[in-house]
Structures are given as structure tokens and as C-alpha cells.
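Here is the structure we will look at.
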Amino acid sequence: MLYELNVETFQDGNGDGIGDFPGLTARVPYLVDLGVNAVWLQPFYPSPRRDHGYDVTDYKRVDPRFGTLEDFDAFVAAAHDAGIRVLLDVPFNHTSDRHPWFQAARRDPSSPYHAYYVWADTPPEPRSPYLVFPGFQTSNWSYDDASGRYYFHTFYDFMPDLDISNGAVRAEILDVARFWTRRGIDGFRLDALPYLVVDRSRKERLAHPHAFLKEFRAAVTELRPDAALLAEVDKAPDEMRPFFGDGDEMHLLLNFYLDNHLFLGLADERAEPIARAWSELPPIPRGTNWANFLRNHDELSLAQLTSEERTRVFAAFAPDASMRAYERGIRRRLAPMLRGDERRVRQAFSLLFSLPGTPVVFYGDEIGLGDRLDLPERDAVRTPMQWTAERGAGFTDAAPVRPFPSGAYSSVYVNVDAQRRDPASLLNFVRDVIRVYRSHSACGRGKFEPHDVGDPHVLAHEVRDGEDVVYALHNLAGTSREVTFEQSSDARVVLADADTRVVAPGRVALAPRGFVWWAAPSHSTEEAS
Ligand code: GLC
Ligand code: CA
């Protein structure tokens, strides 16, 4: 399973209020204890951090706030010693406007760097054809007074898009990928991948976009045959499928489609959207998988739902307009979004790990970290990790540069230390789920099959990988339900909430938001990706 974290907000190692690599290295034992076997590091490259580091000024260095390249190497070595793989998040769609390439491009339109970006003397289309951040972005074309030309930006105006149709840009991208791969990392998370190769009007930016992705994959796997490429493709199923190529492009795609329908199922208290979403996913090549998740560092983008469906999810989990962002998403952490109801939070984790794929957990969700709606946009969900009840939450000895949630979500009530000591805590539950998940190969790689137990509130499904099979029931309703669900005779209960009971063979009394898993037979295997 993958654990997504930001070095900036995980652990401060030198008391300046900002997380860093030495701090992160000291927390590797925590990751091991939780059962994490791969981490996704959000961007830590030098950057003005106007978009949390997705606005890069140098792809081949560590921002001095987070340490040195040697500190980075020490973290990778410690992670590897502990059996944890390290994936780097790199935004190649755009750079910061402070990147030396863009600065050179502005100053001199005849410089080769000018052609690294997308320019026009007059915008060839309306200036705001497809805003990713409506309300915070007013255009896709901005005027640059130094060169007297307009530049294109998919995202904020301080993040000009690179022109991937320029061979020199593609060579730079491959060079960056080789640089980090040679340094020993285990793969990448490719940011905003569809925009890199195809624009929103579905115009391909390259004559053969997938040829470049195959070339990228080959460049990485030539140096590191078992490297993994994970990508952000927030698209409908038929538009996601091409990014797996013939098993020679991305290994893993973040499964926005399932994620959206999971929250729809939770909002409607109905199993159908989850089972339906699964059935709509295309078959994928051998050696590839879905990366399933509940939350990440962005708003919970609900772009894959119809507007009626989205309205229902908003009504359930973001009733106040301040909880929403960009007309499509929810800028809340998992626990507060599920109304601080720990039964719901546990059930959400249970669902995530019971569906085939590689689960991705956003740091802090395993302890029910809160959010700060008074912070702008997605900053709401990017507060520091809470380790202890002390001032600074064990994250830092100094005044933290980023504030913590307050009230019921302050570190006094929500922290790793306290939950470690409490066997019934959310943290220990998530640890158990990960353990069960990792000991059954069906969980990661199995084939999903829904079952009809005659109750629309109950999702009944199995995942099967050869002999290894896991059965699960999830009661999405806030009332108890009793259902009949047959498993093979050698199946044993391996996970359940505290109140659900098997009342007779195959007969289960599910608690409100209850769940139960059976497995047969109990093979011990390790998950591959
Ligand atoms: C991706 C990132 C998001 C960022 C954007 C631009 O969607 O997840 O955080 O703002 O790309 O890089
Ligand atoms: Ca620091």
C-alpha cells in the first residue's frame, strides 16, 4: 500500500517549524509499524511554493528548507532498509514562472528557452476556455510584458505550461527522470498527466502522445526494471485506459472514478454506485493496477459524477459552501467530512482495502486528522501531522509555519501517541486493516465480484485470486441490517467492526455502518505494488 505525504508537513527535524528530510527519516519506524511499503513524496524541489511545490524552479535539487540532497539520500536509504519504496511526485506539465527557463524565455523570445513554453501574440482561443481553478484563476492565457506575448497555463498564471511538442523539453523531462532514478528512487507519481500530453479541448499536444509515455517508461525501467509509475488521470474510464498502454506505460492510475462513486455510495447509503463503478472500469493489462484512495492532498474532486450525483454528495459531506472548492470538490479531510463519526471512517477504510487495487492513504487520515476551513483553497487539508498532545504536536519544537486544526481536532485530542496506547483506536484499526490486506493476495490483485444479498444498503462482494478469496459485507446505512451471505466452508472472519455479529453460518447482523470480511484459505503473501 502507498502512503502519500508531504515532507513539509510531516516532521520538523531542526526546530524551524518546517518539516524536513531528517525529520522524515526519523519517522520511518512509524511507517513500518503502520504497514506502509511504499511512500509517495509530494514535490520537495526548490519552489516559491505558491502551489505547495507543484510550481518547481529546479527539478534536480531539494528545497533547502527541507534539507540537502544528502539528507534526501539518507531518507531513501533508511526507507529501503525498512522495505519501503519511494515514489517521487513530479509536475512536468508546467514550471514555476520563476524557473530560470521561463525567466530566459521572457527576456529573449529568440532564446531556445522561449520555445520551452506555449506562446501566442494574441490568444488563439478565448482566454479562459477551461479553468481548473475557477474562482482562483481567471484565464488560461496571460500576458507577459517582458516578451509582449501571451503564455498558456492549464493551472494558475504563475505556472506556465511546458511545450511538450518541443523535443528539447521532452529531453529535459527524460533527463530529470534519469537523474532521480539513478539516485535510487523506485518510481514516480506523474502529476496532471492528461494535460501534459492532451489538452482539455482533446487536442493532442504531441502527434503520438503515448509514444512519449512509453519512452518515459523505458527510460526509467532501463535503469530500474522494477520501478513503478503512478499517474494522476482524473478522467472517465474510457479516457483512463489508454494511459496503461499495452502494459508499457503507467503501472498504476489513481482511480478517481471509483473514489467518486464510493463517496456517492456513502452519501446515498446505497451499494449500487460502488458496484456499478467497478463494473464500468475497463479490463487492464497484466502488471498494471488501480491505485484506489479515499482522500489526497487536493480537494475531493467529484468531476466524475453527474451534477445531480455531485449535489447529493455535497449535501451529505459538504453542506456549507465554504467546504467546497472549484465548483467540483470538497476541501475537507476524511474524518470531519464523515462528520467525525468514527464508525463511518473505519468503514471507509474497510471499503478501500477490500476493493482490488493498491490502496493509497493520505498522511494523517489514519488518525482522523482534521482540517482548517479558514485556510484558502486546498490548504485546508494540508495541516501538519499530529504526533503528540504537546504544543507543536510533536511535529516541531518551534511555532509551526502552518497552523493545526483547533477544537475537537486539535493535537490535544487527535495524535499518534494517544492512539498508539489505545488498542481500540482508529490508528490501530487502520494498522490491522493493512495487515489483513497485505496477507491476502486477493485483496490487491483479485477479481471483483458483487453479490446480491437483497438489501440495497449492503455492499456484498468477493475478490478472488486463484485459491485466495476474500468476502466482504458493508452496511452503508445508519441502521442495523440482517442479511444472508454464503461463503466457502473454510472461510474465517478476518476483520469486522466491534458490533457486527455472525448470528448463524452465513447469517450476519450488521451494525449501522458495520462491515465484516472473511478469507479462505489464509495464504500469507506479500503485495507486489
Ligand atoms: C495536480 C496536483 C495539484 C496541483 C496541480 C498542478 O492536480 O495534485 O495539487 O495543484 O496538479 O500541479
Ligand atoms: Ca525543519
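Start at 1 and go down the list; that is how both ligands and their atoms are numbered. Quick caveat, the model's predicted, so the values are computed rather than measured.
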Quiz prompt | Shortest non-hydrogen separation from L426 to G368 and the atoms involved | solution = CD2-N, 3.5 Å
Exercise. Take W290 and F244, measure what ring-ring contact (aromatic ring centres under 6.0 Å, His included) needs, and give me the verdict at the end.
Key: CA-CA 10 Å; W290 299 107; F244 287 118; 5.2 Å; yes
Write out each pair where an N or O from ligand 1 and one from the protein are under 3.5 Å apart, with the distance.
from, atom 1, to, atom 2, distance (Å)
ligand 1, 7 (O), E232, OE1, 3.1
ligand 1, 7 (O), E232, OE2, 2.9
ligand 1, 8 (O), R189, NH2, 3.3
ligand 1, 8 (O), H297, NE2, 2.8
ligand 1, 8 (O), D298, OD2, 2.6
ligand 1, 9 (O), H297, NE2, 3.0
ligand 1, 9 (O), D298, OD1, 2.6
ligand 1, 9 (O), R378, NH1, 3.2
ligand 1, 10 (O), D51, OD1, 3.3
ligand 1, 10 (O), D51, OD2, 2.6
ligand 1, 10 (O), R378, NH1, 2.9
ligand 1, 10 (O), R378, NH2, 3.4
ligand 1, 11 (O), D191, OD1, 2.9
ligand 1, 11 (O), D191, OD2, 3.0
ligand 1, 12 (O), H94, NE2, 3.0
ligand 1, 12 (O), D191, OD2, 2.8

Quiz item: With sequence neighbours left out, which residue pairs that include part of residues 301-311 fulfil the salt bridge (Lys or Arg N to Asp or Glu O under 4.0 Å) condition?
Solution: R276-E309
Quiz item: If you leave out waters, which protein N, O or S atoms are less than 3.0 Å from the Ca ion (ligand 2)?
Solution: D12 OD1, N14 OD1, D16 OD1, I18 O, D20 OD2
Exercise. Answer yes or no for R295 and F362: cation-pi contact, defined as NZ/CZ to six-membered ring centre under 6.0 Å and angle to ring axis within 45°.
Key: no
Exercise. Indicate yes or no for a side-chain donor-acceptor contact from T68 to the backbone of D71 under 3.5 Å, with no hydrogens or angles considered.
Key: yes
Quiz item: Looking at Y59 and W180, what are the two nearest heavy atoms and their distance?
Solution: O-NE1, 2.8 Å
Quiz item: Does T138 have any side chain to side chain contact (heavy atoms under 4.5 Å, CB included) partners at least two apart in sequence or in another chain, and if so, which?
Solution: none
Quiz item: Would you call K214 and E249 a salt bridge, using N to O less than 4.0 angstrom?
Solution: yes
Quiz item: Counting heavy atoms not belonging to Y413, are there more than 12 under 6.0 Å from its OH?
Solution: no
